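Report on one structure; see the data block that follows.
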Amino acid sequence: EDQVTQSPEALRLQEGESSSLNCSYTVSGLRGLFWYRQDPGKGPEFLFTLYSAGEEKEKERLKATLTKKESFLHITAPKPEDSATYLCAVHGGNNRKLIWGLGTSLAVNP
Amino acid sequence: NAGVTQTPKFQVLKTGQSMTLQCAQDMNHEYMSWYRQDPGMGLRLIHYSVGAGITDQGEVPNGYNVSRSTTEDFPLRLLSAAPSQTSVYFCATGRGARVRLISYNSPLHFGNGTRLTVT
């Protein structure tokens, strides 16, 4: 069964404390992996698309990487404004659907 | 450039009532879709459209209707509201859709949601 699993469910960091969020997937025929950020009361906001193993993308304090089984979202020296829920979605599988993970809720304390 | 606009932001319905959630976009995107987001369930696709006049069912279509008469608008109709439809609803759009095939090379752009409560 095509599945996307994000871990941890919740993460609390101190400002400046770097860490990584994980998105593991069991989806055949990967066509793309997407990271989104969602703030409370808002819709998800696109961050990155990764297409093939070994690919990396960066934006400010965020860096996304991709292997054949998982993707990591690395957060370097986070700030309180990085607090949000981070969602992972994978396009692929037999039906070429977009499969969403449940997200990681990140809180960065000042 | 407003992007994706959803109205209303909040709505309370009684069981059995009907209503329409509105979604409008000014990005000239071919692909439009409706999702619901529930705790522990994540985002689930209700219906989607790859262009004016073309709609199709997603993962959880029962109890909802859609139509796409223009590129810009994609309303979601609840025919007879039930408590199980209490949720946050998001409209999302994207580029590069082809007939019956969805190209996800472009990211989805989401509205800010409608929070619906059915009592």
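Chain letters run A, B, ... following the sequence lines, proteins first, then strands; residues in each count from 1. Predicted model, so just to flag it, every value in this text is computed and none were measured.
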Main-chain N/O of B/L108 paired with A/Y36 side-chain donor or acceptor, under 3.5 Å: yes
Check whether more than 12 heavy atoms from other residues, nucleotides or ligands sit under 6.0 Å from atom [atom1] of [X], and answer yes or no.
| X | atom1 | answer |
| --- | --- | --- |
| A/K57 | NZ | yes |
| A/R61 | CZ | yes |
| A/E15 | CD | yes |

Linked, directly or transitively: B/M19 and B/I46 (ILVMFWY side chains, under 4.5 Å): yes
A/W100 reachable from A/L21 in the ILVMFWY side-chain graph, under 4.5 Å edges: no
Options A/G101, A/G32, A/P44, A/A89, ranked by heavy-atom pairs under 4.5 Å with chain B, top entry: A/P44
Taking every non-hydrogen atom, the tightest pair across B/N112 and A/G43: OD1-N, 3.3 Å
Derivation of the side-chain contact (heavy atoms from CB on, under 4.5 Å) call for B/Y35 and A/L98: CA-CA 12 Å; B/Y35 282 89; A/L98 190 63; 3.8 Å; yes
Separation of A/L87 CG from B/L43 CG (nearest 0.5 Å): 6.0 Å
Region of B/Q37 that comes under 4.5 Å of a non-hydrogen atom in chain A: side chain
